[in-house]
Amino acid sequence: MQNRRVVLASRPAGWVTEDDFRIEDAPMPRPADGEVLVKNLWLSLDPYMRGRMSEAKSYVKGVDIGEVMVGQTVGEVLESRHPRFKQGDNVLTQLGWQLFGCSGEVVKVDHAKVPLSYYLGILGMPGMTAYFGLKEIGQPKPGETVVVSAASGAVGSVVGQLASLWGARAVGIAGGAQKCDYVKRELGFDDCIDYKAGNLHRDLREACPKGVDVYFDNVGGETLDTLLRHMSLYSRIVVCGLISDYNATEPYALKNIRAMLVNRIRMQGMIVFDWKERYGEALQALAGYLSQGKLKYRESVIEGLENAPKGLIGLLKGQNFGKQLVKL
Ligand SMILES: NC(=O)c1ccc[n+]([C@@H]2O[C@H](COP(=O)([O-])OP(=O)(O)OC[C@H]3O[C@@H](n4cnc5c(N)ncnc54)[C@H](OP(=O)(O)O)[C@@H]3O)[C@@H](O)[C@H]2O)c1
């Protein structure tokens with residue numbers, strides 16, 4: 001048996017293309033003492049991967065040219081040289097875009113009641129991001145209005161549903177009528193605005209007549225700038241992601257910063273790892289809501305490792321509808 005992997009071939013300037021990746025065969029890895037050999041079954045594709053392809057300074061080191069693309073996977077232990085794991089265990093790993101890999105740092109997951117892939121989405125990093133970003137930084141109070149962008153996606157869909165569960169009014173922003181319909185009808189948000197219709201300012205005024213108390217920002221750019229005009233007194237902005245800027249060669253320059261002073265807005269960036277010690281709390285809460293049927297969740301699945309580059313490019317263009325995964 002051979003391993004197959006996707007490595008970074010070049011650093012994109014602007015939009016990522018398939019030429020920025022190279023698919024190669026490699027010898028089967030062998031576990032050292034304290035490691036397990038894992039067959040990856042699902043690979044998560046996430047917007048942060050665009051940042052790792054660049055050389056710009058960030059909160060973690062980027063991928064080197066020729067190195068396997070970074071990414072979380074869930075898989076099955078084929079061979080164990082680690083005292084806590086045995087063959088057949090299901091584990092969450094950071095093995096990246098490849099079919100097999102060895103690591104000593106894997107987490108055992110129990111998928112008796114949920115599909116294994118959920119540990120890459122609603123019960124994984126995106127779910128934790130939604131939970132801690134909203135709870136700890138957004139701090140919505142019952143009756144307040146919470147707006148979230150990329151509302152049909154992995155993080156946004158959980159943010160809006162949690163906001164509703166915690167007694168707030170949830171308003172989504174998403175691209176296109178189909179996504180907005182899903183956000184309202186399936187996810188139960190109070191409203192959803194199609195930003196691609198081109199009237200975000202007017203539509204926000206209608207959907208949030210009393211203003212916005214929490215804006216959970218997944219996209220940055222012009223959407224964030226427009227939101228600044230709608231924020232209430234003492235409101236909070238959670239800076240979770242800036243996807244509209246990830247492929248831009250020039251960052252968007254905000255015009256409406258004055259609103260922060262006038263309305264005493266608190267705007268804070270978040271990185272989910274800061275809550276690593278409390279992941280158990282979020283997992284328990286999210287799994288509880290899921291088992292009670294209080295959280296809905298959708299996946300966007302593409303098949304085959306060789307299609308991962310296409311999948312990432314599609315995700316950055318909004319072609320995914322729900323958490324983007326690759327079935328390996
Ligand atoms: N800070 C953290 O720790 C952390 C952790 C996880 C994720 N994040 C961030 O959270 C955000 C959402 O991530 P996700 O994994 O949940 O992805 P996602 O929402 O499932 O997928 C990305 C979505 O972004 C939207 N989008 C793409 N380009 C856009 C643009 N130019 N303007 C507006 N929207 C655009 C698209 O939805 P539409 O079709 O609706 O436009 C697309 O479906 C990303 O910015 C990501 O970097 C941050």
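Numbering of ligands and ligand atoms starts at 1, following listing order.
Hydrophobic clustering of Ile, Leu, Val, Met, Phe, Trp and Tyr side chains at less than 4.5 Å, counting indirect connections, keeps Val107 apart from Phe85.
Residues meeting the side chain to side chain contact (heavy atoms under 4.5 Å, CB included) test with Ala168, sequence neighbours left out: Pro140, Val146, Ala163.
Among protein heavy atoms, the minimum distance from atom 4 (C) of ligand 1 is reached at Thr129 CG2, 3.7 Å. The closest protein non-hydrogen atom to atom 30 (C) of ligand 1 is Ser244 CB, 3.7 Å. Atom 6 (C) of ligand 1 has Met125 SD, 3.4 Å as its closest protein atom, hydrogens excluded (heavy atom only). For atom 43 (O) of ligand 1, the closest non-hydrogen atom of the protein is Asn320 OD1, 2.6 Å. Of the protein's non-hydrogen atoms, the one nearest atom 1 (N) of ligand 1 is Met270 O, 2.8 Å. Of the protein's non-hydrogen atoms, the one nearest atom 40 (O) of ligand 1 is Gly175 N, 2.8 Å.
Neither the backbone nor the side chain of Gln319 comes within contact range of ligand 1; no heavy atom lies under 4.0 Å. Proximity of Thr223 to ligand 1, defined as any heavy-atom pair under 4.0 Å, is not found for any part of the residue. Within the 4.0 Å heavy-atom criterion, the part of Lys179 lying near ligand 1 is the side chain and not the backbone. Under 4.0 Å from ligand 1, the heavy atoms of Leu316 that appear belong solely to its backbone. Under 4.0 Å from ligand 1, the heavy atoms of Tyr195 that appear belong solely to its side chain.
Closest heavy-atom contact between Leu286 and Met128: CD1-N, 4.3 Å.
Counting the atoms of ligand 1 from 1 in the order shown, those under 4.0 Å from a heavy atom of Ala174 are 40 (O).
Of the polar atoms of Tyr246, at least one N or O is found under 3.5 Å from an N or O of ligand 1, judged by distance alone.
Using a cut-off of 4.0 Å between Lys/Arg side-chain N and Asp/Glu carboxylate O, Asp213 and Lys210 are scored as not salt-bridged.
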